Protein chains: 2
Amino acid sequence: MTAIESLAACGVKASPQRVAVLDYLMEHHTHPNVDDIYAALHPDYPTLSRTTVYNTLRLLTESGVVQTLSIDERNAHYDADVTLHAHFICTACRTIIDIPLREAALDAMAELPREMQVESTQLYFRGLCPACKCRAEHA
Amino acid sequence: MTAIESLAACGVKASPQRVAVLDYLMEHHTHPNVDDIYAALHPDYPTLSRTTVYNTLRLLTESGVVQTLSIDERNAHYDADVTLHAHFICTACRTIIDIPLREAALDAMAELPREMQVESTQLYFRGLCPACKCRAEHA
DNA sequence: AACAAGTTTGTAACGATTACAATCACTCGC
DNA sequence: GCGAGTGATTGTAATCGTTACAAACTTGTT
Ligand SMILES: [Mn+2]
Ligand SMILES: [Mn+2]
Ligand SMILES: [Zn+2]
Ligand SMILES: [Zn+2]
């Protein structure tokens with residue numbers, strides 16, 4: 001599924017900027033923040049504005065093509081993978097890592113009252129990544 | 001367990017302000033934000049500063065007496081219940097509700113690489129609470 | 001009383017995000 | 001092709017939660 005197809009599939013009008021942002025997210029699984037995306041695209045789109053990156057990411061999130069992660073209290077991070085998976089953030093180097101989930105377990109785990117309508121689920125882990133853990137142990 | 005005891009138990013020196021903040025959190029399970037806490041305590045502690053509320057909550061979080069929730073992208077919310085449970089936020093009225101978890105299921109659910117050291121886990125749900133869901137259906 | 005260490009306070013700075021108004025790009029009827 | 005209309009983009013200014021900082025205050029000690 002290409003970026004243009006994804007946009008069409010959920011009724012978002014394509015524009016060079018929107019395609020560029022979504023393309024970037026689909027090709028980089030690094031959970032970038034707005035500045036990462038802006039810095040990466042700016043060389044190729046010299047007139048691109050940070051505001052457009054913000055607006056586009058909001059639009060894509062509302063359309064369900066992208067998810068916004070609130071795992072990092074400093075700023076939002078974005079992910080074009082909207083299938084169920086968890087995230088781990090390293091409190092030392094701030095890297096965000098995907099954690100696969102055993103799908104069935106989620107229902108077994110949470111006792112959600114039937115009358116509430118869940119629209120999204122996010123599972124976050126915080127701690128030290130292997131590299132930073134190792135570095136900490138040698139200090 | 002009283003607020004003063006909790007502070008002592010994890011080596012945080014007590015002060016009237018710290019006790020007041022922790023007391024408030026232990027008595028109100030509403031997941032308040034900084035302004036909620038400040039507004040609630042200010043009548044009784046007229047010299048209390050917002051900065052002190054911020055500082056205290058950071059200290060309490062670092063000491064493990066309190067957890068900081070990043071479920072609401074607008075601002076941090078705080079919870080004196082640090083036992084494992086999930087949170088649901090209503091995207092309409094912003095209420096945060098506790099969701100009990102079946103403890104054992106967490107390990108079964110996430111495939112965490114053994115080399116990473118998890119320090120905290122947060123499971124967030126977003127959607128419409130019963131009241132707002134009902135209101136939405138009648139509109 | 002003088003001092004040291006730690007805490008609180010008020011204000012200023014910071015930084016991420018949003019609001020807004022002007023400009024731009026594209027489509028459609030002429 | 002041409003101009004109006006619609007929506008997208010841009011740059012700047014404003015907002016707002018949070019943090020930095022330095023001065024004033026507390027508390028305990030000599
Ligand atoms: Mn991911
Ligand atoms: Mn809670
Ligand atoms: Zn790391
Ligand atoms: Zn609600």
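Here the structure is a predicted model, which means the values were calculated and not measured. Residue numbering restarts at 1 for every chain, and letters A, B, ... go by the order of the sequence lines.
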Go through it in stages, so that I can follow the logic: the residues are His77(B) and Asn33(B), the test is side chain to side chain donor-acceptor pair (under 3.5 Å), and I'd like the CA-CA distance, side-chain angles, deciding distance and then a yes or no. CA-CA 4 Å; His77(B) 292 256; Asn33(B) 61 28; 4.7 Å; no
Separation of dC16(D) atom C1' from Glu73(A) atom CD, nearest Å, is 17 Å
Taken to the nearest whole Å, OH/Tyr38(B) to C1'/dG10(C) is 10 Å
Assert: residue with more 5' nearest nucleotide on DNA chain C, out of Pro46(B) and Lys13(B), is Lys13(B)
Here the distance between atom P of dT9(D) and atom CG of Leu57(A), to the nearest Å, is 12 Å
Atom CD1 of Ile37(A) and atom C1' of dA16(C) are separated, to the nearest Å, by 14 Å
Separation of dT10(D) atom P from Leu41(A) atom CG, nearest Å, is 11 Å
Contact class for Thr52(B) vs. all strands (heavy atom < 4.0 Å): base, sugar-phosphate, or nothing? base
Inset, instruction - Check whether the side chains of Gln67(A) and Gln122(A) place a donor and an acceptor atom closer than 3.5 Å, and report yes or no. - result: yes
*asked:* By the 4.0 Å heavy-atom rule, please label Gln17(A) as base, sugar-phosphate, or nothing.
replied: sugar-phosphate
Between Cys129(A) and Met116(B), the two heavy atoms sitting closest are CA-CB, 4.5 Å
One would report the end-axis bend of the helix from dA1(C)-dT30(D) to dC30(C)-dG1(D), five pairs per end and rounded to 10 degrees, as 0°
Atom OH of Tyr45(A) and atom P of dT9(D) are separated, to the nearest Å, by 12 Å
Original post:
Between Arg94(A) and Glu73(A), does a salt bridge (charged side-chain N to carboxylate O under 4.0 Å, His left out) hold up when you go through it step by step?
Top reply: CA-CA 11 Å; Arg94(A) 301 263 128 196; Glu73(A) 56 284 354; 3.4 Å; yes
In whole angstroms, the gap separating C1' of dC24(C) from CG of Leu48(A) amounts to 15 Å
When rounded to whole Å, the CG to P distance for the pair Asp72(B) and dT17(C) reads 13 Å
Next on the checklist: Test salt bridge (charged side-chain N to carboxylate O under 4.0 Å, His left out) on Glu111(B) and Arg102(A); report intermediate values, then the result.
Outcome noted: CA-CA 8 Å; Glu111(B) 296 166 15; Arg102(A) 302 190 187 86; 3.5 Å; yes
Residue pairs meeting ring pair (Phe, Tyr, Trp, His ring centres under 6.0 Å), one or both in residues 80-118 of chain B, sequence neighbours left out, come to His31(B)-His87(B), His85(B)-His87(B)
So CD1 of Ile37(A) and OH of Tyr78(A): to nearest 0.5 Å the spacing works out to 7.5 Å
Between Ala3(A) and Asp23(A), the two heavy atoms sitting closest are CB-OD1, 3.5 Å
Rounded to the nearest 0.5 angstrom, the CD1-CD1 distance for Ile89(A) and Ile71(A) is 5.0 Å
Hey, what are the protein-to-nucleotides 17-27 of chain D N/O distances that come in under 3.5 Å?
{"residue": "dT18(D)", "atom": "OP1", "partner": "Ala76(B)", "partner atom": "N", "Å": "2.9"}
{"residue": "dT18(D)", "atom": "OP2", "partner": "Tyr54(B)", "partner atom": "OH", "Å": "2.9"}

